Peer 1: 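Provided herewith is a single structure, encoded as structure tokens, for subsequent inquiry.
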Protein chains: 2
Amino acid sequence: MDRRRTEKNAEALAQGRPTLKTLAFMTGLGVTTVSRALKDAPEIGAETRRRVQLVAKQIGYRPNRAGVRLRTGRTNVISLVLNTEREIMSFVSDIIYGVSEVIADTPYHLIVTPYSRSQDPLDPIRYLVETGSADGVIISRTQPNDPRARYMLEHGIPFATHGRTDMGLVHPYHDFDNYAFAVEAVRRLAGIGRRRLALLSPPVGLSYHSHTVNGFADALSEVGASEVPFNTVSIDHTIEQIRMRTAQVMRREDRPDGFVSSAAAATLAIVAGIEDAGLKLGRDVDVVSKQSSDLLHLFRRELLVVNENFRLAGSELARSVLGWIGGAAPGTLQSLSVPSEVLAYRRSVD
Amino acid sequence: MDRRRTEKNAEALAQGRPTLKTLAFMTGLGVTTVSRALKDAPEIGAETRRRVQLVAKQIGYRPNRAGVRLRTGRTNVISLVLNTEREIMSFVSDIIYGVSEVIADTPYHLIVTPYSRSQDPLDPIRYLVETGSADGVIISRTQPNDPRARYMLEHGIPFATHGRTDMGLVHPYHDFDNYAFAVEAVRRLAGIGRRRLALLSPPVGLSYHSHTVNGFADALSEVGASEVPFNTVSIDHTIEQIRMRTAQVMRREDRPDGFVSSAAAATLAIVAGIEDAGLKLGRDVDVVSKQSSDLLHLFRRELLVVNENFRLAGSELARSVLGWIGGAAPGTLQSLSVPSEVLAYRRSVD
DNA sequence: TTGGCAATCTGTAACGTTTCAGTATATTGA
DNA sequence: TCAATATACTGAAACGTTACAGATTGCCAA
């Protein structure tokens, strides 16, 4: 028996990457003991545990992911599900970096699961669940009644949504308070005398569309300003579409004297449209915009901005998913990011 | 024996996800036969093959990735290795989408492997190779003498670099022709009478730094223009640093009358710096900039731009890696993207 | 008839891990 | 002293797949 073990494991030493068998051979223990020693199981002697862990560290043992996954079903993978056409660009990299930051010192890997315009957004989720390709999922473009969240709840896979749902179901999320953003934006515009405001909102159907629209409406009535309808475009439209629509609106008699914009790139288009109509930002009209990187003030220093931190969102989302996987209650893994004040870069001399 | 098989596999039917055993039971064949039938092995009867494939499709059989990976060592994973601090933002999302597009109808998953400023760039590569976590790797921020490329060649793992190396070693790459970009930019500036040019280059040490610098220098001597040194900053510096340095240079007597900028965000900073110095873009100075999304003309319509398509880069890189994995010769998997003409958005009436 | 051979199909083992059901040894209680 | 029990360890089996080394069948040449 002892001979047999020695023979069998002699080859273990020869091969490249150390496995439990290698460790078992080196320590003279069984693979079971080694396995348990590495995960601090209670029924392993303190000295044995230390010895095994020391040797493991010395020879750079890393558990084989496929082995673990096959045996336990745990993948040690978090999947970030992204729309390949509509996601805001800086959004994506920041979210990824935020997630990366959090999972860096865990065994988790991040896989990006894309889906395209033409696909049912549920497709990638079904794929992940059916193939068991991830232990946790992060989705964006969340809807009030989100079939993906419902599906994942039904199938018991941990997830977190970027944006809240409104289905009476509880799950982890991280959201930026777009209601507060819209309210602050309107108040600010009213504060500098703007009275006829237009909103470039997120696309209809997404949760933060209604949050933004509601904040906008509530604040309008609070400050006694009026709305100039601008809902034939959203931040999902192309730059050109937004630009043309803005120019159109700005050429009318009853044009807005203030804009609230939910995305930085769209704001470029709004300003271009304003100038197409021969009007001047800061004189004829003011614009409050969300931005995720601090660049808009370089574009036009008259712009008023509110910062949204997507990197933070990524971190929070990752933390939430890992928390759920780790057994925390989904209801405790929700967070809301409060907007910064409305910031002005206009020089005081103006 | 027949009884035993039947009993054993009855459970296979009960469980959730179909495996080869499920298929074997349903078709009355052995798992080996099923396995081979699914991958069109030659020694399987034509009718059997069809039958197995039909049933597999019907019940939605998907090979278990962990099983395949454990048995074969193939992970069906491509890893994109990214610096979490220095990568250009739009870059990241576009590359990811480009890669996604290509691997969408393959069994490959995309994992993002980040590394931070503080780390040795070789760390994530070592990790991937040592743990066998990917079948192929894509790296960016390529250097002329790139230790990562060397390491991967030595260890026999397929990869592609975004940017060329210059080590006398052959490997797949995709690169944008930054030499041509710089040449065209200088020619254009010279064409509109600019004679004292400054270059905001990629960071020293990366391959495309020298390409850009060389193109710039060659074209300068070709058109007989002179260089205003501007190499204390690069596109890796912060917006504020670039802006201040630009303002500084523009306040000097011998200031440049033309800039070539290797990145769009940096261009915003250059323009801001120019205006900080009280000068006017298009009158006192012209700027040619690379951009990866069509937004700069909204910023200042006097800007001259050259487009770089990162989504295409992602696709090409993915194709290259998959090609190498598939056995193609690395030397045949190299591509160079030719810059667009220098485009002007300035109105003709100006 | 027999041997050989091609065409199809099959069981077993192995990849590295964890879990189950133990086994051996020392320790305790009566 | 004996049995019961706690402590520390162990082998075998299983997860799903593929590769290896057969096994079975039918057909044909000799």
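Values in this document were obtained by computation on a predicted structure and should not be read as measured data. Each chain gets a letter, A, B and so on, in the order its sequence line appears, and its residues count up from 1.
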Peer 1: Taking all atoms of both residues into account, what is the closest heavy-atom pair of B/Ala149 and B/Phe159, and its distance?
Peer 2: O-CZ, 3.6 Å
Peer 1: Check the phosphate of D/dT10 against A/Thr33, side-chain N and O only, distance under 4.0 Å to OP1 or OP2. Yes or no?
Peer 2: yes
Peer 1: What ring-ring contact (aromatic ring centres under 6.0 Å, His included) pairs are there with at least one residue in residues 104-140 of chain A, not counting sequence neighbours?
Peer 2: A/His109-B/Tyr127, A/Tyr127-B/His109
Peer 1: Could you check whether B/Asp40 and B/Gln53, counting side-chain N and O atoms only, form a donor-acceptor pair closer than 3.5 Å?
Peer 2: yes
Peer 1: If you draw a 6.0 Å radius around CZ in B/Arg36, do more than 12 non-hydrogen atoms from other residues or ligands fall strictly inside?
Peer 2: no
Peer 1: Considering only heavy atoms, which members of residues 45-55 of chain A lie under 4.0 Å from some atom of DNA chain D?
Peer 2: A/Gly45, A/Thr48
Peer 1: Quick one: is D/dC15 close enough that its OP1 or OP2 comes under 4.0 Å of any side-chain N or O from B/Lys21?
Peer 2: yes
Peer 1: Kindly state whether the ring of B/His174 and the ring of B/Phe310 have centres lying under 6.0 angstrom apart.
Peer 2: no
Peer 1: Nearest to the side chain of B/Leu70 - C/dT10, C/dC15, C/dT17?
Peer 2: C/dC15
Peer 1: Name the closest nucleotide to the B/Ser35 side chain, picking from D/dT17, D/dT18, D/dA19.
Peer 2: D/dT18
Peer 1: Taking the side chain of A/Thr32 as heavy atoms from C-beta outward, which of D/dC9, D/dT18, D/dT10 is closest to it?
Peer 2: D/dT10
Peer 1: When you get a sec, tell me which of C/dT17, D/dC9, D/dT18 is the closest nucleotide to the side chain of B/Arg71?
Peer 2: D/dT18
Peer 1: Tell me what A/Thr72 touches on the nucleic acid: a base, only sugar-phosphate, or nothing, going by heavy atoms under 4.0 Å.
Peer 2: sugar-phosphate
